[in-house]
There are 2 protein chains.
Amino acid sequence: MTPRLDLRCADCGIRHRAVCARCDETELARLEEVKFYRRYEAGQKIVWAGDDLSFVASVVSGIATMAQTLEDGRVQMVGLLLPSDFIGRPGRTVTPYDITAASDVTLCCFRRAPFERLLVDMPHVAGRLLEMTLDELDAAREWMLVLGRKTARERIASLLVSVARREASFDLAPRSHDIRLDLPLTREAMSEYLGLTIETVSRQISRLGREGTIMLDGKRRIVIPDLDRLRAETGDEAVAV
Amino acid sequence: MTPRLDLRCADCGIRHRAVCARCDETELARLEEVKFYRRYEAGQKIVWAGDDLSFVASVVSGIATMAQTLEDGRVQMVGLLLPSDFIGRPGRTVTPYDITAASDVTLCCFRRAPFERLLVDMPHVAGRLLEMTLDELDAAREWMLVLGRKTARERIASLLVSVARREASFDLAPRSHDIRLDLPLTREAMSEYLGLTIETVSRQISRLGREGTIMLDGKRRIVIPDLDRLRAETGDEAVAV
DNA sequence: CGCACCGTTGATGCTGTTCAAGTCTTGTGG
DNA sequence: CCACAAGACTTGAACAGCATCAACGGTGCG
């Protein structure tokens with residue numbers, strides 16, 4: 001399951017979605033020369049807010065979280081980093097967010113200087129990075145709506161739907177029925193993402209379970225029998241009559 | 001005050017901040033050929049969510065808002081567009097947000113096809129656009145913290161500080177004392193931005209005024225006698241003892 | 001075993017919403 | 001010039017949703 005650390009780009013699971021998506025064979029060869037892998041265990045900090053980040057990276061496998069903390073301890077997650085997502089920002093060395101491995105994580109890293117040279121030489125990479133950044137911006141804005149206007153129940157539903165959607169986009173087979181989510185997020189991580197407390201998250205998940213909109217299989221595994229029914233709980237669409 | 005509609009790039013107020021910031025004289029000449037201006041009056045819709053946007057543009061003057069609406073009427077603003085900000089996204093024609101002129105607004109527009117050719121030919125423009133998008137992403141994430149974790153009072157303070165900061169970066173003169181904000185936002189617009197109701201916005205502004213942290217000069221003009229004191233209300237820093 | 005961590009559930013209280021009434025300002029028409 | 005209406009804003013009272021505080025159950029591990 002976990003990728004070998006000497007993976008060749010051509011065999012890489014995120015080959016067609018990450019920042020390198022548009023590169024041809026020759027370009028990949030050049031990436032191959034400068035990339036290196038890093039592994040983090042679940043729970044490990046990848047970067048501390050304010051620290052220098054000497055590299056940029058793509059998430060190859062696992063899930064990481066990006067969060068901001070106020071000095072009195074309040075925490076808000078600002079991004080969920082799934083495979084193919086990019087970490088770091090060209091032209092700036094400090095990251096303003098804590099990045100933490102939520103599960104075991106493998107990163108494909110590039111030292112900063114070589115990467116910035118790549119950006120100049122290979123417009124494919126710069127173009128793809130722009131596209132990915134614009135996607136992230138859209139995602140952040142959608143999440144602003146969740147945080148600013150949705151109820152606790154709608155927030156939970158929105159999270160589950162967005163993870164399910166993203167997960168589904170990885171599978172080619174359009175699964176006709178049950179969607180099984182194995183989300184490696186503690187209640188605490190969810191609450192940090194949703195702008196709620198863990199108690200509220202727990203209550204709303206229990207309630208969705210009791211009502212049959214989702215099915216709980218242990219603490220972390222969730223089965224969605226009817227995605228449309230769950231989607232109706234997100235608040236995004238007027239309820240069908 | 002309002003710019004002439006036949007403005008030359010060299011004389012443009014956003015010349016050094018907008019997407020064209022890094023262009024040299026020759027490159028500006030090329031932009032000059034394809035750009036055109038549009039004006040919108042306060043209150044006018046610039047784009048409706050879901051509509052095709054046939055151009056991309058920079059805000060030259062005025063303030064516009066970007067908002068998302070749920071079908072039951074809940075609204076969340078996802079961006080405040082100030083002079084030099086960019087509207088539209090290369091590679092996609094529909095905008096997922098309503099964009100509205102909050103004051104009279106002038107845009108410097110480019111038809112989509114020529115602009116996308118520019119992006120390929122002029123890496124300066126693509127690079128600057130990436131940089132601006134990354135800045136927007138940071139701003140969106142900072143706002144997620146506001147929406148997810150801050151109290152009503154902290155949200156108001158955060159809004160005022162961020163507008164003051166942005167305003168200040170336009171003036172060269174580092175104003176030694178009173179900051180005067182002339183923010184052309186109704187209470188409703190503020191509430192949409194802050195994820196609150198207009199009543200709560202009104203109450204908190206009154207309260208900050210009563211306490212002397214800000215001074216109200218009519219409905220829309222706000223004077224900040226001590227920026228640090230206001231900043232202490234944003235929740236961002238531990239309160240100094 | 002005993003501890004730590006994660007999650008659930010209940011009781012209570014606070015912050016911000018909702019509903020409602022009223023003020024101030026601005027613009028319009030007689 | 002005044003009467004009137006409409007929109008922006010303010011203020012008050014009651015309510016609701018989520019947070020807070022607290023107790024407890026399950027699971028994995030030294």
Side-chain angles (χ1 to χ4, degrees), chain A residues 41-44 65 70 72-76 100 102-103 146-160 182-211 214-222 233 235, chain B residues 41-44 65 70 72-76 100 102-103 146-160 182-211 214-222 233 235:
Chain A
E41 287 175 19
Q44 254 188 304
T65 65
L70 294 175
D72 65 1
R74 282 174 286 177
V75 177
Q76 177 62 52
T100 311
S103 63
V146 170
L147 294 174
R149 292 298 176 190
K150 291 193 179 179
T151 65
R153 182 185 173 82
E154 290 169 338
R155 293 183 201 206
I156 300 284
S158 298
L159 173 62
L160 296 178
D182 210 348
L183 75 169
L185 295 177
T186 62
R187 297 287 183 265
E188 184 177 34
M190 288 189 238
S191 73
E192 287 174 1
Y193 198 44
L194 297 168
L196 300 169
T197 58
I198 57 175
E199 292 94 331
T200 301
V201 171
S202 181
R203 276 186 249 271
Q204 296 297 334
I205 289 184
S206 300
R207 190 170 150 212
L208 285 172
R210 234 180 293 125
E211 296 170 357
I214 60 177
M215 278 140 59
L216 304 171
D217 178 7
K219 303 294 182 194
R220 298 281 173 85
R221 188 186 299 274
I222 287 179
E233 299 294 344
Chain B
E41 287 175 18
Q44 254 187 304
T65 65
L70 294 176
D72 65 1
R74 283 175 285 179
V75 177
Q76 176 63 51
T100 312
S103 64
V146 170
L147 295 175
R149 292 299 176 191
K150 292 194 178 179
T151 64
R153 183 186 174 81
E154 289 168 340
R155 293 183 200 206
I156 300 285
S158 298
L159 173 62
L160 295 178
D182 209 348
L183 75 170
L185 295 178
T186 62
R187 296 287 182 265
E188 184 176 33
M190 288 189 239
S191 72
E192 288 175 359
Y193 199 44
L194 297 169
L196 300 169
T197 57
I198 57 174
E199 293 94 330
T200 302
V201 170
S202 180
R203 276 187 250 269
Q204 296 297 335
I205 288 184
S206 300
R207 189 168 151 216
L208 285 172
R210 235 180 293 124
E211 296 171 355
I214 60 176
M215 278 141 58
L216 304 170
D217 179 7
K219 302 292 183 194
R220 299 282 174 85
R221 187 185 300 273
I222 287 178
E233 300 293 344

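Protein chains get the first letters and strands the later ones, always in sequence-line order, with residue 1 at the start of each. A quick note: this is a predicted structure, and the numbers were derived from the prediction, not measured.
- At a threshold of 4.5 Å between non-hydrogen side-chain atoms, the residues B/Ser191 and B/Thr197 do not count as touching.
- Legend: residues meeting salt bridge (charged side-chain N to carboxylate O under 4.0 Å, His left out) with B/Arg74, ordered by chain and number and at least two apart, are A/Glu154, B/Asp72.
- One atom, CG of B/Asp72, and another, P of C/dT18, lie 10 Å apart when rounded to the nearest Å.
- OP1 and OP2 of C/dC5 both lie 4.0 Å or more from every side-chain N or O belonging to A/Thr186.
- If you take CZ of B/Arg187 and P of D/dT11, they are 10 Å apart, rounded to a whole angstrom.
- For the pair B/Arg220 and D/dC9, the criterion of a side-chain N or O lying under 4.0 Å from OP1 or OP2 is met.
- With sequence neighbours excluded, the residues satisfying side-chain contact (heavy atoms from CB on, under 4.5 Å) with B/Arg203 are B/Glu199.
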message: Test side-chain contact (heavy atoms from CB on, under 4.5 Å) on A/Leu70 and A/Val75; report intermediate values, then the result.
response: CA-CA 6 Å; A/Leu70 294 175; A/Val75 177; over 6 Å; no
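- Rounding to the nearest 0.5 Å gives a distance of 6.0 Å between CD1 of B/Ile222 and CG of B/Leu216.
- Between A/Ile198 atom CD1 and C/dT8 atom P there is a gap of 9 Å when expressed in whole angstrom units.
- Phosphate proximity of C/dT9 to A/Ser206: present, with a side-chain N or O under 4.0 Å from OP1 or OP2.
- Here C/dC6 presents its P atom at 13 Å from CG of A/Leu185, a figure rounded to the nearest Å.
- We find that B/Arg153 and B/Glu211 are joined by a salt bridge, their nearest charged nitrogen and carboxylate oxygen being less than 4.0 Å apart.
- Nearest approach of A/Leu147 to A/Tyr193, heavy atoms of both residues: CD2-O, 3.7 Å.
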task: Indicate for each nucleotide in nucleotides 18-30 of chain D, in 5' to 3' sequence, whether protein heavy atoms under 4.0 Å reach the base (B), only the sugar-phosphate (S), or nothing (-).
output: SSBB---------
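- Note: CD (A/Glu188) to C1' (C/dT8) measures 15 Å, nearest angstrom.
- Remark: C1' of D/dC9 and CZ of B/Arg221 are 18 Å apart, rounded to the nearest angstrom.
- C/dC24 atom P lies 17 Å from atom CG of B/Asp217, rounded to whole Å.
- Straight-line distance from the CE atom of B/Met190 to the P atom of C/dG16: 17 Å, rounded to whole Å.
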